[in-house]
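Structure first, commentary second.
Indexing begins at 1, ligand by ligand and atom by atom, following the structure's order.
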Amino acid sequence: MELTFKAVDNVPLIQKGDDLADMIYRLADLHDNDIVVIASTIVSKSLGLTFYLSDVTPGEEAQRIARLNHKEPAFVQAVLDESLEVFVETPFMLVRNKNRHICINAGIDGSNVGGDRLLKLPENPDKHAANIGEKLEKLTGKKISVIITDTNGRAFKEGQTNVAIGLYKIKALRTWIGEKDLFGYVLEISEEAVVDEIAGAANLIMGEGANGYPVVIARGLNLYAPETAGITEFYRQEKDDVIVQGLLEIKNK
Ligand code: GDP
Ligand code: MN
Ligand code: MN
Ligand code: MN
């Protein structure tokens, strides 16, 4: 088995209004079953989701949390504006963003934007993955999947990895339930989160800095699935998530 990850070269600095599907079509030679992995940063830029802190007016809640965290009140307000729920407010803000994705600072990011502008995550990454994927499939006549990613920290370990935050025509999980291991033991709960694995691998090329590789093509997997759920289907319901329950207990003490 061979699996390749290839950067799309010559991607320009993305501006508001840029058509990402058109750009990828022109720069990449796409095959059937290719998975196009796209950094959310350029999706946000194409949507014009940049802003300045000087345009955000902090309320009392933002000022309170900002004092705790030694952050700018306007930054905290911007995070609150992008959040449905705050699970941890200090020493950093762990929130559920508008798309139900749980992450630090609602994914508001200043890297690779330029000037003192900040960037918000797209509100519905599945929708944008679908817009790009549908157009790429039409232009190429090929079966194409799309994963939109963002770099996130995680619990328990230092360091960040890329994760999937939006999907088009790809199965998020590869189920092993009912399969046998090497010794005939039948697997009962193993479901491999393949879209996060692909996102993580793609980030080996993307990096976090000036690499200039926001689009990576993963080839050699067979995960194309015409009828698939978006990423939000894989976010646990609050009542079923013991970690979230624990955080809420601490918060409400
Ligand atoms: P995020 O994880 O979605 O926040 O994206 P990053 O800021 O980590 O950037 C991921 C990759 O995309 C890095 O290789 C950046 O250099 C690259 N990148 C970000 N914006 C642009 C852009 O507008 N044009 C190009 N060519 N590369 C970009
Ligand atoms: Mn960034
Ligand atoms: Mn980011
Ligand atoms: Mn990144």
ask   = Which protein N, O or S atoms lie under 2.8 Å from the Mn ion (ligand 4)?
value = Thr151 OG1, Glu208 OE1
message = Quick check: of its N, O or S atoms, which one does Asp109 have closest to the Mn ion (ligand 3)?
response = OD2
Close side-chain approach of Ile147 to Leu167, heavy-atom, < 4.5 Å =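 They are in side-chain contact.
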inquiry  = Checking Ser46 against Asp18: is there a side-chain donor and acceptor pair closer than 3.5 Å?
reply    = no
Ring pair (Phe, Tyr, Trp, His ring centres under 6.0 Å): pairs with one or both residues in residues 77-115, sequence neighbours excluded = His101-Tyr235
inquiry  = For Leu20, run the side-chain contact (heavy atoms from CB on, under 4.5 Å) check against Leu136, Val215, Val43 and tell me which one passes.
reply    = Val43
inquiry  = Filter on side chain to side chain donor-acceptor pair (under 3.5 Å), then keep only pairs touching residues 103-121, sequence neighbours left out; what's left?
reply    = Asp109-Ser111
query = For Glu192, what residues pass the salt bridge (Lys or Arg N to Asp or Glu O under 4.0 Å) criterion, not counting sequence neighbours?
reply =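 So Glu192 forms a salt bridge (Lys or Arg N to Asp or Glu O under 4.0 Å) with Arg174.
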